[in-house]
Chemist: 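Quick one: the structure is below, questions incoming.
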Amino acid sequence: MVICPVCGKEYANSSSLLKHVKLKSKYDPMHMAFWLEFQKYISTPKEDWAMLTKTDLFREFLREKGLL
């Protein structure tokens with residue numbers, strides 16, 4: 001289970017959480033801020049990211065923030 005750091009809802013996996021945050025960011029300012037933080041995180045790629053999917057990058061982002 002993964003918990004949304006913005007609203008506290010539980011999701012089965014980080015892929016579901018990624019979809020939730022992306023969708024909610026369209027109309028909720030708090031989710032938008034979190035989404036923009038993730039976008040900023042992936043805008044400066046690291047060398048070991050070449051083979052990672054967006055979900056993998058989101059998982060790494062959550063780990064670095066201490067949310068996983």
Side-chain angles (χ1 to χ4, degrees):
M1 299 301 280
V2 182
I3 297 173
C4 177
V6 180
C7 64
K9 288 186 178 181
E10 289 186 1
Y11 290 89
N13 52 46
S14 54
S15 178
S16 298
L17 177 59
L18 174 63
K19 290 175 187 175
H20 160 77
V21 171
K22 185 176 181 181
L23 179 67
K24 289 282 239 179
S25 72
K26 294 180 181 178
Y27 57 88
D28 178 52
M30 292 178 67
H31 282 85
M32 181 184 294
F34 191 71
W35 178 252
L36 291 175
E37 189 177 345
F38 171 61
Q39 293 300 310
K40 183 178 177 184
Y41 175 78
I42 63 173
S43 70
T44 53
K46 297 178 183 170
E47 58 187 61
D48 60 338
W49 286 2
M51 301 300 285
L52 298 179
T53 66
K54 196 165 201 168
T55 302
D56 293 332
L57 292 173
F58 189 66
R59 198 174 297 121
E60 286 298 315
F61 170 69
L62 294 173
R63 278 191 194 111
E64 285 190 21
K65 291 190 62 70
L67 301 171
L68 269 186

Chemist: Rounded to the nearest 0.5 Å, what's the gap from CE on Met32 to NZ on Lys24? Could you check?
Modeler: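 Rounded to the nearest 0.5 Å, the CE-NZ separation comes to 12.5 Å.
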Chemist: Where does the angle between the aromatic ring planes of Phe38 and Trp35 fall among parallel (under 30°), tilted (30 to 60°) and perpendicular (over 60°)?
Modeler: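 Rings of Phe38 and Trp35: tilted, 30 to 60°.
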Chemist: Kindly compute the distance separating CD (Gln39) from CZ (Phe61), expressed to the nearest 0.5 Å.
Modeler: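 It is 9.5 Å, given to the nearest 0.5 Å.
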Chemist: Distance from Tyr41 atom OH to Glu60 atom CD, nearest 0.5 Å?
Modeler: 5.5 Å
Chemist: Among Leu62, Ile42, Leu18, which one satisfies side-chain contact (heavy atoms from CB on, under 4.5 Å) with Leu57?
Modeler: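 Only one option passes, and that is Ile42.
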Chemist: Measure the shortest side-chain to side-chain distance between Met30 and Cys7 over non-hydrogen atoms and say whether it is less than 4.5 angstrom.
Modeler: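 Met30 vs Cys7: side chains apart.
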Chemist: In terms of hydrophobic clustering (I, L, V, M, F, W, Y; side-chain heavy atoms under 4.5 Å; direct or indirect links), are Val2 and Leu67 co-clustered?
Modeler: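 Linked, Val2 and Leu67 end up in one cluster.
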Chemist: Taking atom OG of Ser25 and atom NE2 of His20, what is their separation to the nearest 0.5 Å?
Modeler: 9.5 Å
Chemist: Mind checking whether Lys65 and Pro5 have side chains closer than 4.5 Å, heavy atoms only?
Modeler: no
Chemist: Less than 4.0 Å between a side-chain N and a carboxylate O, is that true for Glu37 and Lys40?
Modeler: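 Salt bridge between Lys40 and Glu37, a charged N being under 4.0 Å from a carboxylate O: no.
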Chemist: When rounded to the nearest 0.5 angstrom, what is the spacing between CE in Met1 and OG in Ser16?
Modeler: 9.5 Å
Chemist: If the plane angle is over 60° it's perpendicular, under 30° parallel, otherwise tilted; pick one for Phe58 and Phe34.
Modeler: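 Taking Phe34 first and then Phe58, their aromatic rings stand perpendicular (interplane angle over 60°).
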